[in-house]
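Here is the naming used below: chain letters follow the sequence lines, and residue numbers restart at 1 for every chain.
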Amino acid sequence: MENQATLFTRAVVSLVRRIPKGKVATYGQIARLAGNPRGARGVGWILHSKGRAKGLPWQRVINRLGQISFPPDTRDHAIQRRRLEAEGIAFDRTGTVDLKKFGWKKTAKEKA
DNA sequence: GTTTTGACAGTAT
DNA sequence: AATACTGCCAAAA
């Protein structure tokens with residue numbers, strides 16, 4: 001059987017890929033659905049490392065604060081913000097997204 | 001093979 | 001209520 005760790009990565013990728021347009025999910029949300037409530041970090045690096053290479057919508061995944069983690073000076077940050085805005089995500093003056101409105105809600109109840 | 005880093009979250013003080 | 005420390009997973013050096 002495959003290593004669970006690999007499954008975790010795959011689970012994260014699958015979940016991120018299932019995030020509907022106009023919605024954003026937090027690392028904790030994904031991590032929990034992936035089966036690792038404490039693996040929020042794991043979600044982050046996967047999206048940046050593998051996710052980017054896989055062409056995943058890592059842009060829809062942000063931290064629990066509703067903000068993009070890396071500094072606004074980074075190019076990826078600008079790209080992500082631009083993409084989210086293009087999908088209908090509203091950013092606050094400080095670059096914060098209202099998770100209460102755009103927070104992905106696992107609509108189909110797809111239990112992990 | 002071991003050590004350090006990394007796009008966070010949760011709990012404790 | 002706010003701040004700090006710890007915990008977790010996986011990958012790269």
Side-chain angles (χ1 to χ4, degrees):
Chain A
M1 79 177 145
E2 297 288 351
N3 294 339
Q4 294 181 344
T6 305
L7 294 176
F8 167 70
T9 304
R10 193 162 81 170
V12 172
V13 173
S14 295
L15 288 165
V16 173
R17 226 163 160 199
R18 288 167 201 184
I19 298 174
K21 187 170 92 173
K23 293 279 178 84
V24 290
T26 65
Y27 297 105
Q29 179 82 49
I30 299 296
R32 179 185 277 182
L33 294 174
N36 291 331
R38 261 65 183 180
R41 277 178 153 172
V43 178
W45 57 258
I46 286 170
L47 296 178
H48 177 237
S49 185
K50 289 197 90 165
R52 195 177 183 197
K54 284 174 160 299
L56 290 170
W58 56 274
Q59 60 222 54
R60 292 179 185 160
V61 185
I62 55 183
N63 61 18
R64 185 191 102 62
L65 301 175
Q67 299 181 299
I68 302 173
S69 302
F70 32 77
D73 282 47
T74 58
R75 188 180 191 73
D76 290 338
H77 178 282
I79 293 171
Q80 180 170 15
R81 176 172 169 174
R82 186 172 181 167
R83 285 189 178 183
L84 292 174
E85 287 182 307
E87 295 192 351
I89 308 297
F91 277 82
D92 184 87
R93 179 166 56 113
T94 158
T96 305
V97 178
D98 198 338
L99 294 175
K100 291 186 291 195
K101 292 181 179 178
F102 304 105
W104 180 38
K105 137 173 158 169
K106 197 158 71 74
T107 315
K109 210 176 220 187
E110 298 177 56
K111 187 173 67 69

Participant: If you look at every heavy atom in A/Ile62 and A/Ile68, which pair is closest and at what distance?
Facilitator: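 Scanning both residues, the minimum pair turns out to be CG2-CG1, 4.3 Å.
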Participant: Taking A/Gln80 for its side chain and A/Gln59 for its backbone only, find out whether a donor-acceptor pair lies under 3.5 Å.
Facilitator: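 The answer is yes, because a donor-acceptor pair under 3.5 Å joins these two groups.
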Participant: Identify the two heavy atoms, one from A/Phe8 and one from A/Gly39, that lie closest to each other, and give their separation to 0.1 Å.
Facilitator: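 That would be CZ-O, 3.9 Å.
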Participant: Hey, could you give me each pair passing salt bridge (charged side-chain N to carboxylate O under 4.0 Å, His left out) that has a residue in residues 40-51 of chain A? Not counting sequence neighbours.
Facilitator: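 Listed once each, the pairs would be none.
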Participant: Tell me: CG of A/Leu56 to P of B/dA7, nearest whole Å?
Facilitator: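 So the two atoms are 18 Å apart, to the nearest Å.
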Participant: Could you list by number each residue of residues 84-92 of chain A showing a heavy-atom separation from DNA chain B of less than 4.0 Å, or answer none if no residue does?
Facilitator: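 None - not one residue of the stretch has a heavy atom sitting under 4.0 Å from the strand.
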Participant: Between A/Asp76 and A/Ile79, is there a donor-acceptor pair closer than 3.5 Å when you use the side chain of the first and the backbone of the second?
Facilitator: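 Not at all, since once roles are kept as given, no pair shorter than 3.5 Å links the two residues.
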Participant: Between C/dA11, B/dA7, B/dG10, which one does the side chain of A/Ser49 approach most closely?
Facilitator: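 Among the listed nucleotides, the one closest to the side chain of A/Ser49 is C/dA11.
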Participant: Measure from the side-chain N and O atoms of A/Arg60 to the backbone N and O of A/Ile19, and report whether any donor-acceptor pair falls under 3.5 Å.
Facilitator: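 Here the side-chain-to-backbone pair exists.
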Participant: When you get a sec, tell me which of C/dA10, B/dA7, B/dA9 is the closest nucleotide to the side chain of A/Thr9?
Facilitator: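 From the listed options, C/dA10 comes nearest.
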Participant: Atom CZ of A/Arg64 and atom P of B/dC8: how far apart are they, to the nearest Å?
Facilitator: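 After rounding, the reported distance stands at 14 Å.
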Participant: Mind calculating the distance between CG (A/Leu33) and P (B/dA9) to the nearest angstrom?
Facilitator: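 After rounding, the gap between these two atoms is 13 Å.
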Participant: On the side chain of A/Tyr27, is there an atom forming a donor-acceptor pair with the base of B/dA7 - under 3.5 Å, no angle test?
Facilitator: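 Answer yes: a donor N or O sits under 3.5 Å from an acceptor.
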Participant: Could you tell me how far apart A/Asn36 (CG) and C/dA11 (P) are, to the nearest whole angstrom?
Facilitator: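 The answer, rounded to whole Å, is 12 Å.
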Participant: Just by distance, do the side chain of A/Asp92 and the backbone of A/Thr94 share a donor-acceptor pair under 3.5 Å?
Facilitator: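 Checking the backbone N and O of A/Thr94 against the side chain of A/Asp92, a donor-acceptor pair under 3.5 Å is found.
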Participant: Rounded off to whole Å, could you give me the CG-to-P distance for the A/Leu99 and B/dA9 pair?
Facilitator: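 To the nearest whole Å, that distance equals 10 Å.
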Participant: Check the interface with nucleotides 4-7 of chain C: list each N/O to N/O pair with the protein under 3.5 Å, or write none.
Facilitator:
unit_1, atom_1, unit_2, atom_2, d
C/dG7, O6, A/Arg41, NH1, 3.0
C/dG7, O6, A/Arg41, NH2, 3.1

Participant: Expressed in angstrom and rounded to an integer, what is the separation of A/Asp76 atom CG from B/dG6 atom C1'?
Facilitator: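 Rounding to the nearest Å, CG of A/Asp76 and C1' of B/dG6 are 14 Å apart.
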Participant: Is there a side chain to side chain contact (heavy atoms under 4.5 Å, CB included) between A/Val16 and A/Trp58? Walk through the geometry before answering.
Facilitator: CA-CA 7 Å; A/Val16 173; A/Trp58 56 274; 5.5 Å; no
Participant: If you look at every strand shown and take non-hydrogen atoms under 4.0 Å, does A/Val61 touch a base, only sugar-phosphate, or nothing?
Facilitator: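 Touches a base.
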Participant: Ignoring hydrogens and angles, tell me if any N or O in the side chain of A/Ser49 forms a donor-acceptor pair with the backbone of A/Ile46 under 3.5 Å.
Facilitator: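 No, the answer is negative, given that no donor and acceptor are paired below the 3.5 Å cut-off.
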Participant: Kindly say if A/Ser69 contacts the phosphate of B/dC8, meaning a side-chain N or O under 4.0 Å from OP1 or OP2.
Facilitator: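 Looking at the OP1 and OP2 atoms of B/dC8, one of them is under 4.0 Å from a side-chain N or O of A/Ser69.
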Participant: Just the rounded figure in Å: distance from P of B/dA7 to CG of A/Leu65.
Facilitator: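 Rounded to whole Å, this separation is 15 Å.
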Participant: Quick one: A/Asn63 CG to B/dG10 P, roughly how many Å, whole number?
Facilitator: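 Taking CG of A/Asn63 and P of B/dG10, I get 11 Å after rounding.
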